[in-house]
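The first residue of the sequence shown is numbered 1, and numbering continues consecutively from there.
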Amino acid sequence: MEKPLKYILAEHKLVLKKAFGQNFLTDENLLAEIAEKAGVTENDTVLEIGCGAGALTRELAKRAKRVVGYEIDRRLKSVLEETLDGFTNVEIIYKDVMKENVADIDKFLGGEYKIVANLPYYITTPIVMNFIENAEQLTSMSIMVQEEVAARFSALPDSSDYGAITVAINLRGSAKTVLKVPREKFTPAPNVDSAVVRIDIEKGKFAGADLKAVRSVVRAGFSSRRKMLVNNLINGLKFTREQAETVLINAGILLTARGETLSAADFVRLSESVKAVKNV
Ligand code: SAM
């Protein structure tokens, strides 16, 4: 039988670092459920971000063909060597994932892959944005995030949770909350509850769209939430009022609309009409 994580941590006299978002999971059933909900199977390559003491890594390694994990904290090396002893399909890279280039990770993994991670909360948004925008071989992302962040990922247009990150996700796929996880399940317990969100990438979604241009328009559209879209386009894209009104009319969007009422498809249409007037 596997040694419980709390004993391993105690043996290695490891004091967890808050600055690295080290809230670990120890419940074996919960860890197994996360791997299941992520849909990891024996043909999969999995990228885990933030392996910690390797509790989730172990569950992933039991199911996947190959697991590549990133861990910033080298102090965890001896712990991970113990937890992952006997698994020949796991490789841990002791580096800050934020300093890596996503295209290089794609190349290193060498084909399609899934991300499964109990993400350090302080880098959730930049990680999701970076992979959603730049990873070409990614097929899904199942990530533990704060519950309120989970709500933002799968929000509907015109709701208070809907924002630029929701649109970024919807441009490539869709997100849904697959598991709620109360704070007591973590060691140490954080101040908020969490949830596992699964983002599935839909190959070919908005194929042919100039996503770089769409992202510029989304950034402008959400630059000031309280302002009408027309004003955000004037400020963000340096349009005259007449140009801003023309692009909205041509895209079939109300002149009184606000950015947060637009779906990803609306933003794609709007960016086409913007590009007819100006290079973005
Ligand atoms: N996967 C483990 C679990 O589920 O119990 C640990 C999850 S813990 C929330 C996040 C982990 O990410 C920590 O081990 C932390 O050291 C690591 N981490 C934090 N920032 C990182 C970064 N920039 N790059 C790689 N790992 C990072």
Side-chain angles (χ1 to χ4, degrees), residues 1-38 40 46-64 67-87 89-100 114-128 131 141-150 153 177-198:
M1 199 176 115
E2 286 158 352
K3 205 190 280 183
L5 187 68
K6 59 182 178 188
Y7 295 123
I8 298 181
L9 289 176
E11 277 166 16
H12 290 261
K13 298 191 173 56
L14 202 90
V15 179
L16 298 183
K17 270 196 192 168
K18 214 175 167 183
F20 285 151
Q22 291 180 342
N23 302 95
F24 290 175
L25 291 171
T26 52
D27 181 329
E28 307 260 327
N29 293 330
L30 173 61
L31 289 156
E33 203 177 352
I34 294 171
E36 294 292 328
K37 299 271 186 197
V40 174
V46 176
L47 173 66
E48 187 191 0
I49 297 168
C51 298
L56 180 57
T57 323
R58 197 157 59 181
E59 288 304 319
L60 297 171
K62 283 182 200 165
R63 294 167 172 79
V67 179
V68 173
Y70 271 87
E71 176 50 60
I72 196 172
D73 189 351
R74 284 204 140 261
R75 296 177 312 152
L76 288 161
K77 193 164 187 284
S78 58
V79 180
L80 280 162
E81 278 167 1
E82 182 170 347
T83 347
L84 300 172
D85 186 35
F87 287 100
N89 57 344
V90 185
E91 188 178 344
I92 309 292
I93 301 168
Y94 293 95
K95 281 189 180 169
D96 179 349
V97 74
M98 298 292 286
K99 294 196 177 139
E100 299 285 83
K114 294 177 169 159
I115 290 179
V116 186
N118 173 12
L119 280 184
Y121 293 150
Y122 73 109
I123 47 170
T124 301
T125 303
I127 285 196
V128 172
F131 278 92
M141 225 177 167
S142 298
I143 47 178
M144 176 88 73
V145 299
Q146 296 183 4
E147 209 173 20
E148 61 183 61
V149 176
F153 289 177
T177 295
V178 292
L179 198 62
K180 296 210 168 182
V181 183
R183 62 194 82 181
E184 309 82 61
K185 292 283 183 186
F186 296 85
T187 307
N191 296 327
V192 288
D193 294 325
S194 292
V196 177
V197 180
R198 176 165 161 170

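Summarising the geometry of A195 relative to A150, their closest heavy-atom pair is CB-CB, 3.9 Å, with the distance given to 0.1 Å. In plain terms, the two heavy atoms of A61 and F87 that are nearest each other are CB-CD2, 3.6 Å. Of all the heavy atoms in M141 and F131, the pair that sits closest is CE-CB, 3.8 Å.
Inter-residue side-chain proximity for L80 and V90 is flagged as unmet; no heavy-atom pair is nearer than 4.5 Å. The side-chain heavy atoms of K37 and V196, taken from C-beta on, include no pair separated by under 4.5 Å. Between L25 and I34, some side-chain heavy-atom pair lies under the 4.5 Å cut-off. Contact annotation: the side chain of L47 approaches that of Y70 to within less than 4.5 Å [non-hydrogen atoms, C-beta and beyond]. Side-chain contact between I8 and H12 is present, with heavy atoms from C-beta onward closer than 4.5 Å. With contacts defined as side-chain heavy-atom distances shorter than 4.5 Å, the pair L16/P188 qualifies. At a threshold of 4.5 Å between non-hydrogen side-chain atoms, the residues L76 and Q22 count as touching. Within the 4.5 Å cutoff, no side-chain heavy atoms of I143 are placed close to those of I127.
Residues passing the salt bridge (Lys or Arg N to Asp or Glu O under 4.0 Å) test with D85, sequence neighbours excluded: none.
With hydrogens and angles ignored, the 3.5 Å screen pairs a side-chain donor or acceptor of R183 with a backbone N or O of N191. Side-chain N or O atoms of T83 include one that pairs as donor or acceptor with a backbone N or O of A53 at under 3.5 Å. With hydrogens and angles ignored, the 3.5 Å screen pairs a side-chain donor or acceptor of N89 with a backbone N or O of A64.
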Handout entry: K77/E71 under salt bridge (Lys or Arg N to Asp or Glu O under 4.0 Å): CA gap, chis, key distance, verdict
Key = CA-CA 9 Å; K77 193 164 187 284; E71 176 50 60; over 6 Å; no
